[in-house]
Amino acid sequence: MRDYFPLIVVGAIVGVLSVVFVTAYALIKNKKEALGFDRAMKDKEIIKRLLKYAKPFWKSFVFVGVLMLLSISYDIISPLLIGYIEGIVKLAFELSELYIIVGVYAAVLVVSLVSTYVQAIVLQRTGQRILSKLREDVFTHIESLSHAQLNSIPVGKLVTRVTNDTNAISMMFTNILVSLIKNLFVIFGVLVAMLCLNYELTLMVLCFVPFIVLFTVIFRKFSRRAYRKVKDGTTDINTFLSENLSGMKITQAFNREDKKMQEFSAKNKSLASAKQRQIFVFGIFRPVVYMLYISSVLCLLYLGGKGYIDNVSFLGQTLTSEIIVTFYMYVSKFFNPIQSLAEQFNWLQSAFASAEKIFTILDLKPDVADTEGAIELDKIRGEIEFRDVWFCYVENEWVLKGVSFKVEAGKTAAFVGSTGSGKTTILSLLCRNYDICRGQILVDGIDITKIKIASLRRHFGQMLQDVFLFSGTVRSNIVLYNDYSDEEIRRACDYVNATPFIEKLANKFDEPVRERGNNFSAGQRQLLSFARTVIHRPSVMILDEATANIDTETERLIQDSLEKMKNIGTMLIVAHRLSTIRGADNIIVLSHGEIVEQGTHAKLIENRGRYYKLYTLQAHREQIESSH
């Protein structure tokens, strides 16, 4: 019994650790849902969908598989060669024999290193191509979402999906999966080699395997929770930064820097805490696996050394020094992949968590989509008709109530009313940014739901109050990366009176535009928006408060442009300044989502209704302002 006391001590320590981990697992198992262990998607479904992206590159993965088999040859053969050297050096031997064995060892090592290098290159190239395809799919799908859906999802969350989450998946394809397979092959190959060499010592090593499996299963639960917390914390940080960096001027204007700093600090600490828990989980697991490795080595040296020194034969097999040396190396190569599997399993959980979030976005069906059999329109005349249109953003809170009107092709219609009366909503519905709840919208007598969305919007030119300019140049913001000649660009700028201020710029049309066009005034941004719209030659012009943020001098330039634009096609205008719409063919007055009156400026003034009151009140206010 005394001879086996060291083995009993090792077994007792491993047993105590097992009881501790199983107890911890049992205590939290009933709280899985609260702790966020469960996924909406099963691992099997995630793998199946990810493999669709890998399928086009199956030849590359097969090639990598062949290289992988070559690279693991070193792990299988090298211990045998070292053991053989141990066997010959303790006896009389020829130096040439040693040189041959060393040469074979070096050749196996070179083959393994070259195979590993080529494997890494092929995997990185393939992984980047898969990553690019996945990012394009996510971005394209985000572009297809409706305005309502985009408004409901924070921008920072979408940015995280396209960047951080896709990077985690790239790591899976370029490193994790291949390393997992390689390590499994190494473990299997080493196990077969050990069984052939000495099955008694192999059985001793295998006694530790059930504990490794047990610890890995428990660790899997904790690591999944830790990684999801880190992912959620990263998303929160990105969402907060996206919103608050864009609104930094407001924060500074209202002197709320300290408050925002406190909010950011709370989110930052939450993310740091999540990462510390992740490190803590891994910091426990890997040392435990390493402890099992050291225990197996101690048992090997104890049993093997005792058998060799006492010249004892176990189960009919005699232990030699070369067997002990070879086994020592095999035990290391058996446990090293297991320790790596733990780390790779961590990354795999991260990749699966990221994939789930990405597929959640990809599974989000657009609220507004092309109907079956939708048609393309090469060109339209511009006749617009609303028939008893009802619409609400929130259920039963109607923004439009039975709105009906018709705009003849080539005519100008203006929409007037107080804030919230439904003016902008009408223009959004016409472009199918949202779908109506009841009624019908017709363009040239065709229901817009029967027209492809891209085809419909191609014929509309929209000029909004809040002009958005992209980072780039004046030229790129006018053409929006379409192919237009310099002459066409200049002609469009001349048409909307934007050329004078562009010519004053240092680089003219190649002048850099910073984020959101912050290096241009509101009036300049609006003129660029007008040029952008005109150059695309739309059949229907939409102006939503396009002159609200413009000074009087710039407004005169735009009024002149508007008169010219009337020759382009149908024009729909929402205007805060009623003086700018006096020339409209039809003025539609809205109140609480309903049309209360419509007609020409002269007719509405004559009727002395709601429009008359709005117009006289505004004219009186402008008169007072001008007198001051």
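Numbers for residues simply follow the sequence, beginning at 1.
- Judged purely by atom type and a 3.5 angstrom limit, Arg432 uses its side chain to pair as donor or acceptor with the backbone of Ala369.
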Please list every donor-acceptor pair under 3.5 Å in which a side-chain atom of residues 378-385 meets a protein atom from a residue at least two apart or in another chain.
unit_1	atom_1	unit_2	atom_2	d
Glu385	OE2	Arg387	NE	3.1

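- Inspection of the Asp510 and Thr473 side chains reveals no N or O donor paired with an N or O acceptor under 3.5 Å.
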Output a table of donor-acceptor pairs, distance under 3.5 Å, between side-chain atoms of residues 261-270 and any protein atom two or more places apart or on a different chain; print 'none' if there are none.
none

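- Screening Leu528, Val474, Leu527, Ile478 for a side-chain contact (heavy atoms from CB on, under 4.5 Å) involving Cys493 leaves a single residue, Ile478.
- Note on Lys603 versus Glu597: no salt bridge recorded, every NZ/NE/NH1/NH2 to OD/OE distance being 4.0 Å or above.
- For the residue pair Thr160/Asn238, the side-chain donor-acceptor check at 3.5 Å is satisfied.
- Both the sub-6.0 Å distance and the 45° axial angle are satisfied by Arg49 relative to the ring of Phe359.
- The aromatic ring centroids of Phe391 and Phe386 lie 6.0 Å or more from each other.
- Judged by a 6.0 Å distance limit and a 45° cone about the ring axis, Arg608 is positioned over the six-membered ring of Tyr612.
- Ring centroid separation for the pair Tyr495 and Phe530 does not come in under the 6.0 Å cut-off.
- A salt bridge does not link Glu511 to Lys504: none of the charged nitrogens lies less than 4.0 Å from a carboxylate oxygen.
- Of the possible polar contacts, one joining the Thr570 side chain to the Gly410 backbone as a donor-acceptor pair under 3.5 Å is found.
- Between Asp137 and Lys133 there is a salt bridge, since a side-chain N of the basic residue sits under 4.0 Å from a carboxylate O of the acidic one.
- The existence of a salt bridge linking Asp486 and Arg475 is confirmed by a sub-4.0 Å separation between a basic side-chain nitrogen and an acidic carboxylate oxygen.
- In this structure, the ring of His536 has its center less than 6.0 angstrom from the ring center of Tyr484.
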